[in-house]
Amino acid sequence: MAGSAIGLGNIWRFPYIVGEYGGGAFILLYILSTLIVSLPIFISEVTLGRRSKRSAYGSMSALRPGMKGCRTIGFFSVVIPLVILSYYSVVGGWSLDYLGKSLAAEFVREEPSVVSALFGTFISNPWAPMLMQLLFLGATAAVVAFGVKSGIEKFSKYSIPVLFVLIVVMCIYSISLPGASEGVRYLLKPDFSQLTPRSFAYALGQSFFSLSLGAGTIVTYGSYMRSNDNLVVTSAGTAVSDLLFAMLAGMAIMPAVFAAGIEPGAGPGLIFQTIPYIFSSMAVDAPVLGAAVSIIFFIVIVVAALTSSISLMEVGMAYLNERFGMKRWKGCILLFVICGFIGALCSLSFGPLAGVHIFGKGIFDFFDWLASNFFMLLLALVTTLFVGFSLRKSEVRDEITNGGTVNNKVFPVVYFLLKWVAPISIIAIFITNFIL
Ligand code: TRP
């Protein structure tokens, strides 16, 4: 679950969303959303998965066979992760390309300012980013086709702690850059005037994205959990490490953004302009260190991204298998073609298709918005309502407390949050965003 949660959402998406929607004040909203709304939803999704022992597609209909709409909801919980995977693989491709650039020592050979400008040239080129996206998606499909073997699991078990250590090193370096204190202040001193009504929706959307909620992933993973695992401890542990990782990534990136003189609201390219800048300035004193750290950093980003993209594709794979009995390799080819096509459009939206706008957004931004600020919220809402109102309280208690053996004290709090606070917060976000 931590492998699914920790990924590009923390390293790539969190910093630029913070930069666009209100800095330190946004971070407070984000922490609050995670603890009060997202964590209870996480627990609901795990409950749903473990109780039904089915993937996201079949879980609700397995628990409430006669209930109308369960299949439709199940179907949506398969489509949403595939939409996310499509644009996620674009960023995965960027990371792969930057790994290549690190291996070629491009960042240490050039001036910091030249290095941060490379990104714009790279993504506006139609071919390179698209090929890298397909490569990343192909790697994902290959792993999913062979089954998620102990190799990748073991690798992520080691890579996540390494990533933690590296990000701390990057924080220290980034904070020590000249001009960085402005960035630290930006993160830690909340300025509430920077918040807009949109900030609330984006805070919740970001915390859902980062915890892989509202997209069938956690339900599917929950179904693999053992009956004696402690559901609350596991969920809270995942949420806290995910939060911590996001904060560290913010601390590694924002000070460097200010030191490099880049706009914090620069959008999805933010880390690709900033991180190489850090390596390039590191290389002025220590070229070998700069080159080595940049290689390790991008390897770990690619691996973190892969463990998340695998969890996204697995939801679709489980569906094709459960519903049509499709073989894994066939299913993976199909998913590769679908996501590859949508992903290619997303990739081209930074180059030749830059002029195409849907509801005022570029194609990439549109899919991201549609998934994380609309469909994920909707699916999470339906899930909490199902667990809160369609399942009996005794069933939920039985699952969360492992038949009354653990978590008896926290259960009432968790249940109240998931039954009332979570759905009401999501509805409030919908109203402010779409009606007012
Ligand atoms: N949470 C992952 C990240 O932070 C991405 C991810 C995996 C995801 N599965 C998901 C996002 C399901 C939304 C829904 O990078």
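- Considering Ser38, Ser212, Ser210, Ser4 in turn, Ser210 is the only one that fulfils the side chain to side chain donor-acceptor pair (under 3.5 Å) rule with Asp242.
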Given Phe258 and Tyr186, is the ring pair (Phe, Tyr, Trp, His ring centres under 6.0 Å) satisfied, shown in steps? CA-CA 9 Å; Phe258 279 83; Tyr186 180 80; 5.3 Å; yes
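- Ion pairing between a basic and an acidic side chain is recognised when a charged N comes within 4.0 Å of a carboxylate O; Asp368 and Arg13 show such pairing.
- With respect to Tyr87, the ring pair (Phe, Tyr, Trp, His ring centres under 6.0 Å) criterion is satisfied by exactly one of Trp94, Phe364, Phe350: Phe364.
- You'll find the ring centres of Tyr98 and Phe272 inside the 6.0 Å limit.
- If you take OG1 on Thr220 and CG on Leu48, they are separated by 9.5 Å, rounding to the nearest 0.5 Å.
- Remark: aromatic rings of Phe324 and Tyr319 are close, center separation under 6.0 Å.
- Ionic pairing of Asp398 and Arg51 is present here: one or more N-O contacts between side-chain nitrogen and carboxylate oxygen are shorter than 4.0 angstrom.
- Arg54 and Ala62 get closest at one heavy-atom pair: NH1-CB, 3.5 Å.
- The aromatic ring centres of Tyr202 and Tyr30 sit 6.0 Å or more apart.
- Between Phe26 and Phe200, every side-chain heavy-atom pair lies at or beyond the 4.5 Å cut-off.
- Of the N and O atoms on the side chains of Glu322 and Ser55, at least one donor lies less than 3.5 Å from an acceptor on the other residue.
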Which donor-acceptor pairs under 3.5 Å do side chains of residues 409-424 form with protein atoms, sequence neighbours excluded?
unit_1, atom_1, unit_2, atom_2, d
Tyr415, OH, Gly388, O, 3.3
Lys419, NZ, Gly388, O, 3.3

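- In summary, Glu399 and Arg392 do not engage in a salt bridge, as defined by a charged side-chain N under 4.0 Å from a carboxylate O.
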Atom pairs and distances, side-chain donor-acceptor, residues 245-252, under 3.5 Å, sequence neighbours left out:
none

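- In summary, Arg198 and Glu20 do not engage in a salt bridge, as defined by a charged side-chain N under 4.0 Å from a carboxylate O.
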